[in-house]
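Single-structure report; data block below.
Chain A is the first sequence line, chain B the second, and so forth, proteins listed ahead of strands; every chain is numbered from 1.
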Protein chains: 4
Amino acid sequence: MAGNSFGQLFRISTFGESHGVAIGVIIDGCPAGLPIDLAFIQAELDMRRPGQSRITTQRKESDTVQILSGIFEGQSTGTPIALLIPNEDHRSKDYEHNKNVYRPSHADYTYDAKYGVRDHRGGGRSSARETAARVAAGAIAKLLLKHAGIEIFAHVSAVGKINAPALAPLPVQELFALREDNIVRCADAAAAAEMIACIEGIRKDGDTIGGKINCVIRNCPVGLGEPVFDKLHADLGKAMLSINAVHGFEYGSGFEGSEMKGSEHNDIFETDGKSPKTLTNFSGGIQGGISNGMEISFKVAFKPVATIMHNQQTVDSEGNAAEIKGKGRHDPCVVPRAVVIVEAMAALVLADQFLRNKVSRL
Amino acid sequence: MAGNSFGQLFRISTFGESHGVAIGVIIDGCPAGLPIDLAFIQAELDMRRPGQSRITTQRKESDTVQILSGIFEGQSTGTPIALLIPNEDHRSKDYEHNKNVYRPSHADYTYDAKYGVRDHRGGGRSSARETAARVAAGAIAKLLLKHAGIEIFAHVSAVGKINAPALAPLPVQELFALREDNIVRCADAAAAAEMIACIEGIRKDGDTIGGKINCVIRNCPVGLGEPVFDKLHADLGKAMLSINAVHGFEYGSGFEGSEMKGSEHNDIFETDGKSPKTLTNFSGGIQGGISNGMEISFKVAFKPVATIMHNQQTVDSEGNAAEIKGKGRHDPCVVPRAVVIVEAMAALVLADQFLRNKVSRL
Amino acid sequence: MAGNSFGQLFRISTFGESHGVAIGVIIDGCPAGLPIDLAFIQAELDMRRPGQSRITTQRKESDTVQILSGIFEGQSTGTPIALLIPNEDHRSKDYEHNKNVYRPSHADYTYDAKYGVRDHRGGGRSSARETAARVAAGAIAKLLLKHAGIEIFAHVSAVGKINAPALAPLPVQELFALREDNIVRCADAAAAAEMIACIEGIRKDGDTIGGKINCVIRNCPVGLGEPVFDKLHADLGKAMLSINAVHGFEYGSGFEGSEMKGSEHNDIFETDGKSPKTLTNFSGGIQGGISNGMEISFKVAFKPVATIMHNQQTVDSEGNAAEIKGKGRHDPCVVPRAVVIVEAMAALVLADQFLRNKVSRL
Amino acid sequence: MAGNSFGQLFRISTFGESHGVAIGVIIDGCPAGLPIDLAFIQAELDMRRPGQSRITTQRKESDTVQILSGIFEGQSTGTPIALLIPNEDHRSKDYEHNKNVYRPSHADYTYDAKYGVRDHRGGGRSSARETAARVAAGAIAKLLLKHAGIEIFAHVSAVGKINAPALAPLPVQELFALREDNIVRCADAAAAAEMIACIEGIRKDGDTIGGKINCVIRNCPVGLGEPVFDKLHADLGKAMLSINAVHGFEYGSGFEGSEMKGSEHNDIFETDGKSPKTLTNFSGGIQGGISNGMEISFKVAFKPVATIMHNQQTVDSEGNAAEIKGKGRHDPCVVPRAVVIVEAMAALVLADQFLRNKVSRL
């Protein structure tokens with residue numbers, strides 16, 4: 001109710017502040033009997049980890065995950081899986097000078113106004129550090145989906161105005177290799193090089209830049225998604241918009257589709273003798289809110305990180321004018337580290353709808 | 001769980017198929033003591049009603065709402081408010097010829113695959129007729145918000161490639177008058193004229209066209225929205241994406257914001273002596289998922305309606321090739337009637353978060 | 001959230017006041033493909049209907065159920081099933097004289113205090129009339145359970161101090177016939193005769209009397225119930241305690257079990273070669289909150305109906321002393337009509353846990 | 001959904017197995033600004049702790065609670081409060097010999113059947129160790145209630161057939177002192193002495209015994225409880241029935257009330273000039289599911305602990321006959337340690353309904 005849980009049948013609840021003791025997550029509803037690969041969970045976290053390359057924040061957190069419950073002899077037991085990630089590198093002093101000052105385009109002011117009390121250290125609960133818990137939970141969702149043959153892949157499709165070409169029609173494993181071959185996590189090498197140069201320039205200026213992530217889901221069975229409010233793309237949209245800094249979501253034809261005619265946009269059905277396929281895929285793999293077996297595809301827009309190394313005018317909690325200068329160690333561009341967060345949230349939606357679909361008919 | 005409910009504290013559950021006996025909605029959680037104006041609810045429904053102008057479907061439904069419970073002597077009693085809208089003009093025969101044929105870019109195939117049984121008449125549960133129930137419930141949410149001084153206004157900001165200019169900085173009442181002055185529901189008269197001409201051309205061709213709706217929320221108190229998953233814009237995004245034909249959602253700077261630098265994008269705080277205001281509003285009135293008191297603004301992209309008056313190749317439920325020709329009476333462009341649906345869903349999100357905020361602090 | 005919904009995966013939401021237009025229920029989550037027998041639903045309602053015998057209220061309501069949605073060609077479609085029961089015999093005038101007077105041991109005072117507004121006619125939402133909606137929904141849950149081979153049977157085990165002997169070990173069909181052979185709905189003819197005489201005496205005195213209902217569930221598969229908070233018996237207990245006038249619930253050995261030693265109370269396992277069975281059944285068919293395949297058995301205690309035909313001192317909404325005399329047509333003893341309500345609520349719990357169990361393992 | 005969460009607005013989710021790394025709980029929905037007294041939480045846990053007296057299990061666990069999140073400078077921040085209790089004394093070897101053998105009247109068989117995999121060490125998730133997490137969360141609920149002036153008090157009202165007299169009409173503080181003056185936690189010294197002697201005899205025999213707990217809630221404001229399914233006593237009933245070993249719940253007149261007449265049972269209203277009071281309290285402080293301002297009173301029946309030090313016949317997971325002998329260190333009677341669990345669950349229900357009531361009217 002207080003907004004810290006996500007999902008219905010595969011349900012996660014996260015907790016923790018950026019500069020508290022630890023962050024973590026409980027997964028309630030993971031079916032019993034799923035083999036759990038701890039190394040895989042850690043590898044996922046490593047892709048989100050700060051300090052992983054020269055274009056991310058230089059904060060040092062190993063983000064080592066501990067399993068507290070719900071797994072016995074390498075298998076899920078059907079009971080809640082609790083995962084803990086201790087906080088390590090909390091230079092809380094970096095935030096003392098800003099204690100009562102509202103950083104522009106951060107959540108400082110709104111938290112204060114809502115709660116009347118606020119853990120100001122590093123953004124507290126509003127910090128994107130919370131997403132590490134999502135990545136850990138998402139890793140377990142991915143294991144469930146892998147078991148069902150479903151594949152998820154995301155990559156950076158834009159940094160600022162630099163756009164990658166459409167994703168090449170390659171197997172996910174190859175796309176993954178292409179993406180992990182560069183530090184910006186774009187599956188197109190040429191675009192990646194441009195993006196990296198852009199981010200390095202931005203960083204030198206003490207500035208930040210936005211970007212976009214494209215995500216595809218393959219081998220999704222027909223039938224996932226509930227018809228009215230919990231349409232598959234509505235759940236995906238909410239999942240993405242709940243990630244820090246996201247300002248937009250579109251799937252299939254997206255915003256461009258709103259400029260098209262029905263005669264151009266309709267996806268004609270044909271059959272391969274087994275099940276209906278569509279010739280085009282403006283529907284983005286989802287019709288009436290339910291997966292139709294084609295590739296699901298969506299895009300997520302991230303605004304630039306609010307913490308910049310410039311002087312900025314602002315106000316403090318007493319209503320006085322104040323000046324703020326970005327300190328600390330921050331990301332010049334959030335998308336390289338957000339790729340695995342997007343995948344994690346998509347996995348959580350899919351896992352949930354996968355389970356929900358199991359009770360949709362006799 | 002099966003996706004027919006929306007909201008947590010102000011919670012609606014809709015039911016009904018397009019060609020069944022009736023559609024309707026239960027609102028559970030409307031606080032006691034709210035004056036309920038039945039004429040207002042009906043007026044809202046009239047803006048969504050089919051057959052209202054020459055650029056909408058010519059189906060005839062009066063969409064007359066009946067109150068079954070929860071209101072006594074003109075006031076909400078705190079018990080569930082049930083609203084019923086009988087179906088009138090069901091020419092179910094219009095759909096007999098398509099009984100086993102999957103209409104392209106409709107939900108026919110996915111429903112069949114998911115449930116194994118389907119009310120094929122007029123799309124059944126997947127029909128946008130279900131949104132009439134949302135509009136009725138949204139009207140009650142609007143009454144609650146009005147009580148709290150919160151205003152919601154949406155209008156058609158684009159039809160196909162015709163874009164209206166940014167919303168003029170006028171009071172909502174004036175914007176409303178401008179919008180209702182034309183049948184396409186755009187608050188800019190010149191753009192409206194172009195849009196209407198466009199839709200009339202499209203209709204003549206038996207085709208359809210997409211469009212966009214822009215919605216603003218004013219006088220929203222600071223503090224609405226929950227911090228992590230139920231961010232205000234995430235709930236708004238899900239609400240919008242759950243509307244039939246919606247393919248995209250963005251708020252504040254949206255997709256364009258992803259091309260900007262932090263130094264351009266940050267909204268600088270200043271104070272009017274009462275509370276912090278921002279000089280710009282790229283944040284779209286929401287920071288860290290919580291309303292900051294500025295105008296909330298978002299855009300919704302609608303794909304073109306799938307039912308066109310052209311011959312289309314497709315397959316039937318046996319997997320045979322088939323041809324389909326659009327029959328029946330359909331909208332050439334959905335956005336004029338969707339304006340009030342967008343407002344209704346926004347009102348439902350706001351009403352819910354308004355109540356949730358009441359328990360966020362001692 | 002406002003307490004008008006029950007269940008998670010098989011979820012019902014009821015609405016309506018005793019003297020409003022209608023009462024009804026939405027069932028969300030009934031799996032697609034279930035044959036729905038409308039006559040069966042009506043027959044269930046007939047067992048709860050007022051005016052059915054000389055020992056129940058003489059109010060006249062046919063309680064005719066209408067299906068508004070969710071069923072197509074005799075089958076559930078997976079979409080919400082809405083059931084409506086119009087109110088017929090509302091002699092609202094019977095309640096005018098009590099408009100501002102708080103009837104002792106009724107909900108008049110607490111509703112007024114909670115909501116500040118109240119539909120005083122016949123108890124409004126607090127009337128047991130609401131349970132007709134539960135019986136209608138419970139009938140559909142029973143159809144789902146029947147499909148899975150699960151049987152539910154309840155009967156009146158006590159009226160006042162008259163206790164029926166333990167249920168005979170007969171098939172449910174025979175028990176049902178025995179029960180329906182008398183108007184008090186006790187499966188033991190001799191006890192039934194005593195009970196009926198008791199109730200007739202009570203009625204003559206203008207008084208009322210409490211009673212107990214015993215319910216058994218047979219052929220329940222092993223594994224229903226969630227381990228911690230949603231234990232099968234905890235859900236059953238809540239379901240029963242949510243029925244008007246219920247003051248107690250016990251299952252298996254119940255309150256008597258609290259006087260026993262472990263060496264007496266433990267249910268020894270043996271095997272019939274197929275699955276473990278227990279020699280005794282103090283566990284009442286549930287261990288660790290999960291069904292173990294044995295007969296589930298529980299008891300429900302109902303207080304006497306609060307409306308009596310005597311003069312009673314009380315206060316009014318202004319805080320003045322007042323006198324009240326029961327008018328209207330009320331039940332001298334609620335248990336004969338409550339048997340089917342107990343069964344309905346049990347069916348709703350079982351249907352819900354039956355679906356939940358489907359996603360508990362890979 | 002998987003049954004590991006409780007409450008709607010004040011919502012807890014527990015995790016952990018008896019012999020895993022740790023158990024714990026997340027509280028989501030605790031309002032911001034509540035002073036949190038860590039010593040109080042620990043003191044509550046100490047009353048549930050094993051090894052506290054000669055009539056409880058001799059297992060040694062300090063049950064030291066750690067706060068991981070949600071509290072900043074001694075105050076709740078409105079974000080999730082995560083509490084961790086590491087497991088210390090896990091002699092898992094004590095359970096090796098029973099690995100594949102189903103202990104009578106335990107959850108071994110039902111867990112195996114439901115999940116197909118089971119952490120057999122000390123009952124795993126089905127162990128009453130899980131209730132330590134509830135006590136920790138309940139302590140925070142108590143702090144919220146204390147803030148609102150609401151008092152909760154429970155004590156042992158029966159061990160086997162030894163019943164304490166009705167609770168003396170003393171202030172809660174005095175009752176608490178009387179209760180904590182003896183190791184069985186009964187507020188009547190004479191009954192307590194008998195109970196202790198009884199339990200010591202039972203323990204010598206290697207046997208166990210059931211008991212009852214009576215709980216009262218005072219200064220509860222009028223209006224808590226939702227009208228239909230989430231009646232205050234229905235939520236209390238579910239809460240109690242979810243505690244390990246509980247087989248029965250009654251409130252107010254309870255099972256005895258079912259033997260009474262309406263003319264005896266009705267609680268006559270009078271007024272003290274401020275608000276209506278009742279002369280008697282057969283309603284147990286709740287009318288129509290909503291608190292009426294009088295003392296709330298209920299009773300909970302616990303069956304005897306299943307682990308006894310006798311030889312017992314049983315079956316193993318292969319279906320073979322087996323013999324089992326209780327090993328390990330177990331409670332001869334669970335009620336002395338369960339008093340604080342009953343209070344904790346009551347506090348959780350009250351805190352939840354307290355918050356829910358805040359949104360019931362404008």
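- When Leu9(C), Ile26(C), Ile23(C) are compared by the number of non-hydrogen pairs under 4.5 Å with chain B, Ile26(C) comes out ahead.
- Side-chain atoms of Glu17(C) never come within 3.5 Å of backbone atoms of Ser69(B) as a donor-acceptor pair (strictly under, hydrogens ignored).
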Go through the steps for Thr77(B) and Tyr115(C) under the test side chain to side chain contact (heavy atoms under 4.5 Å, CB included), then give the verdict. CA-CA 7 Å; Thr77(B) 60; Tyr115(C) 296 115; over 6 Å; no
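- Two residues are said to be in side-chain contact when any heavy atoms from C-beta on lie closer than 4.5 Å; Arg11(B) and Ser13(C) fail this criterion.
- Taking each heavy atom of Val117(B) and Ala32(C) in turn, the nearest pair found is CG1-CB, 3.8 Å.
- For the options Thr14(B), Thr79(B), Asp28(B), heavy-atom pairs under 4.5 Å to chain C are most numerous at Asp28(B).
- Only the side chain of Leu84(B) has a heavy atom closer than 4.5 Å to any heavy atom of chain C.
- Between Ile67(B) and Val21(C), the closest heavy-atom pair is O-CG2, 3.8 Å.
- Heavy-atom pairs under 4.5 Å with chain C peak, among Ala22(B), Gly33(B), Gly70(B), Gly29(B), at Gly70(B).
- When heavy atoms are compared at a cutoff of 4.5 Å, Arg118(C) approaches chain B solely by way of its backbone atoms N, CA, C and O.
- Using a 4.5 Å heavy-atom threshold, the side chains of Phe72(B) and Arg121(C) count as touching.
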